[in-house]
There are 2 protein chains.
Amino acid sequence: MTEQATRTYSPRERMVFSAAQLIRRDGVGATGMRDVAAHAEAPRGSLQHYFPGGKDQLVGEAVAWAGRYAARRVSRYLAALPADERRPSRLFAALVAQWTDECLATDFTLGCPVAAVTVDCADASDTTRTATAQAFACWREPLAAGLAELGVPRPRSAALATLMVSSLEGALLIARAERDIHALTTVSDELGPLLDAAVT
Amino acid sequence: MTEQATRTYSPRERMVFSAAQLIRRDGVGATGMRDVAAHAEAPRGSLQHYFPGGKDQLVGEAVAWAGRYAARRVSRYLAALPADERRPSRLFAALVAQWTDECLATDFTLGCPVAAVTVDCADASDTTRTATAQAFACWREPLAAGLAELGVPRPRSAALATLMVSSLEGALLIARAERDIHALTTVSDELGPLLDAAVT
DNA sequence: TTGCGACTATGACAGTTGTCATAATAATGG
DNA sequence: CCATTATTATGACAACTGTCATAGTCGCAA
């Protein structure tokens, strides 16, 4: 979420990226298309060219991008786990730490774009709602696979993956409201033993 | 959240109530003040009279109302627990069931107003952000007290309360995106044993 | 060159938004 | 009854919003 997207990325990609960035900070309603173009340093006229579906399409692609990004990050953290820390609790702690660091670095200005779109569009636009559902699935799937790889039996690993995503998402919400990391660390600490106890 | 607010409630109360209702369905940005007045069947001119602070004040009061409501509900569920089910897992299950029923009854059109305001206003308006923080605290406090009453030692009960709120809030988000109860029930089932194991 | 496609520029559109100024009405206490 | 306040009514304001129509520019192939 933090890599520079000024060059080597096409204007189209930058607009999707910027949309996700602005949405997770201000919400969908407060994010105008003109703002997106400006933030992406992309020409305004390209909006209707690349996104003929209008704002719905742009928001949908932003959410899809965020989902793929989150999935990639899970795989990366799983692969980067030290040999003596290959436990579910460590994977979860790494995920939480990522959000914690981002919260502190950005002074709690950024949330989760998928959560924002869910809250703002779940009842209005069905296409974007579907996009959020797929984004959550996209996030949960590699998590469940990772837990299985760490020794959690298969049907259970999926359930624990949804528990991880749920508590992480909720804790992020609370952290942003309180401008305090406490909820995130609490969730990580409390859930750790439960996760490790699920390995056979 | 479902009681009829047509009579015996002042126009002012109805507007706050309607604001919370509309916000948790459409988000803050998509909820206009004219919509709130119309939904509350209140005169439009009363808006600037009762809420001279503008939309910020109205949103803030709606969130505060939602926080108090949630707190009241926790106490009620705690008191209503059958004598042979006075365990933390049952309290949590009751809370989750409440949201589950509401999701099914309203076809997943309604979310949590506090979450919506957090996502939409955390970075924009600091007064409403503070309101969301207080609402979360308002919700967590009686939960921690309830856990303590059920036998969870004091410092731990607060941590488990934030874990409960976090996972519930996140699961509600996922449920709304997927239009499926599954995340809510999963969270309830998986967290139950952990909660009961904390009683001394 | 010519032509054709991809991309961009620009301005206008109708519909909102929140907010305010102003005035009329209802209620209440003297 | 009057006077004072609480509430409501109404219209207008400027500032947006997303979307569209139209024309423009660029690069590239024939």
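Side chains included, hydrogens not; waters and symmetry mates left out as well; all remaining heavy atoms used. Every chain is numbered from 1, with letters handed out A, B, ... down the list of sequences. This structure is a prediction, so every number in the text was calculated from the model and none was measured.
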Return the value, rounded to whole Å, for the distance between atom [atom1] of [X] and atom [atom2] of [N].
X     : N      : atom1 : atom2 : answer
A/D26 : C/dT17 : CG    : C1'   : 17 Å
A/R34 : C/dT16 : CZ    : P     : 16 Å
B/Y50 : D/dT8  : OH    : C1'   : 9 Å
B/D35 : C/dT16 : CG    : C1'   : 10 Å
A/F51 : C/dA6  : CZ    : P     : 17 Å
B/E41 : D/dT7  : CD    : P     : 19 Å
A/L22 : D/dG18 : CG    : P     : 12 Å
A/L47 : C/dT10 : CG    : C1'   : 14 Å

- side-chain contact (heavy atoms from CB on, under 4.5 Å) partner of A/V63, the single match among A/T118, A/V16, A/T132: A/T132
- Task: Scan A/L81, A/L150, A/L95, A/D196 and name whichever one has a side-chain contact (heavy atoms from CB on, under 4.5 Å) with A/R90.
- Result: A/L81
- Item | Terminal axes of the helix from C/dG15-D/dC16 to C/dG29-D/dC2 (five pairs each): angle between them, nearest 10 degrees | 10°
- Give a yes/no on whether any side-chain N or O of B/S46 is located under 4.0 angstrom from OP1 or OP2 of D/dT7. no
- Query: Which residue, B/H49 or A/G53, contacts DNA chain D at a nucleotide closer to its 5' end, judged by nearest heavy atom?
  - Reply: B/H49
- Message: Any base atoms under 4.0 Å from A/D56, or only sugar-phosphate, or nothing? Heavy atoms, all strands.
- Response: nothing
- Message: Any base atoms under 4.0 Å from B/S10, or only sugar-phosphate, or nothing? Heavy atoms, all strands.
- Response: nothing
- Query: For the base of D/dT7, is there a side-chain donor-acceptor partner from B/R12 under 3.5 Å away?
  - Reply: no
- Query: Is there a side-chain contact between A/I181 and A/C103 (heavy atoms, below 4.5 Å)?
  - Reply: yes
- Out of C/dT19, C/dC7, C/dA9, which has the shortest distance to the side chain of A/P43? C/dA9
- Query: Does any residue of residues 114-129 of chain A have a heavy atom under 4.0 Å from DNA chain C, and if so, which ones, in number order?
  - Reply: none
- Query: Within 45 degrees of the axis of the six-membered ring of A/W99 and under 6.0 Å from its centre: does A/R73 put its NZ or CZ there?
  - Reply: yes
Got a list of protein N/O to nucleotides 23-25 of chain D N/O distances below 3.5 Å?
none

Listed pairs under 3.5 Å, donor-acceptor, residues 51-61 of chain A side chains, sequence neighbours left out:
residue	atom	partner	partner atom	Å
A/K55	NZ	A/V28	O	3.2
A/K55	NZ	A/T31	O	3.0
A/D56	OD2	A/S125	OG	3.0
A/Q57	OE1	A/G53	N	2.7
A/Q57	NE2	A/E61	OE2	3.2
A/E61	OE1	A/R12	NH2	2.2
A/E61	OE2	A/R12	NH2	2.6

Report yes or no: do [X] and [Y] belong to one cluster of Ile/Leu/Val/Met/Phe/Trp/Tyr joined by side chain heavy-atom distances under 4.5 Å?
X      : Y      : value
B/V96  : B/L173 : no
A/V165 : A/L110 : no
A/L22  : B/V119 : no

What pairs of nitrogen or oxygen atoms, one from the protein and one from nucleotides 20-25 of chain C, lie under 3.5 Å apart?
residue	atom	partner	partner atom	Å
C/dA21	N6	B/Q48	NE2	2.6

- Does A/R156 pair with B/E190 as a salt bridge, N-O distance under 4.0 Å? yes
- Query: Can you tell me how far OG1 of B/T162 sits from CD of A/E178, rounded to the nearest 0.5 angstrom?
  - Reply: 9.0 Å
- Please list, chain by chain and in numerical order, all residues satisfying side chain to side chain contact (heavy atoms under 4.5 Å, CB included) with A/E141, sequence neighbours excluded. none
- Task: Test salt bridge (charged side-chain N to carboxylate O under 4.0 Å, His left out) on B/R179 and B/D107 and set out the steps.
- Result: CA-CA 8 Å; B/R179 299 180 76 91; B/D107 204 35; 2.7 Å; yes
- Check: A/R25 main-chain N/O paired with B/D123 side-chain donor or acceptor under 3.5 Å: no
- A/I174 and B/S166 have their tightest heavy-atom pair at CD1-OG, 3.5 Å
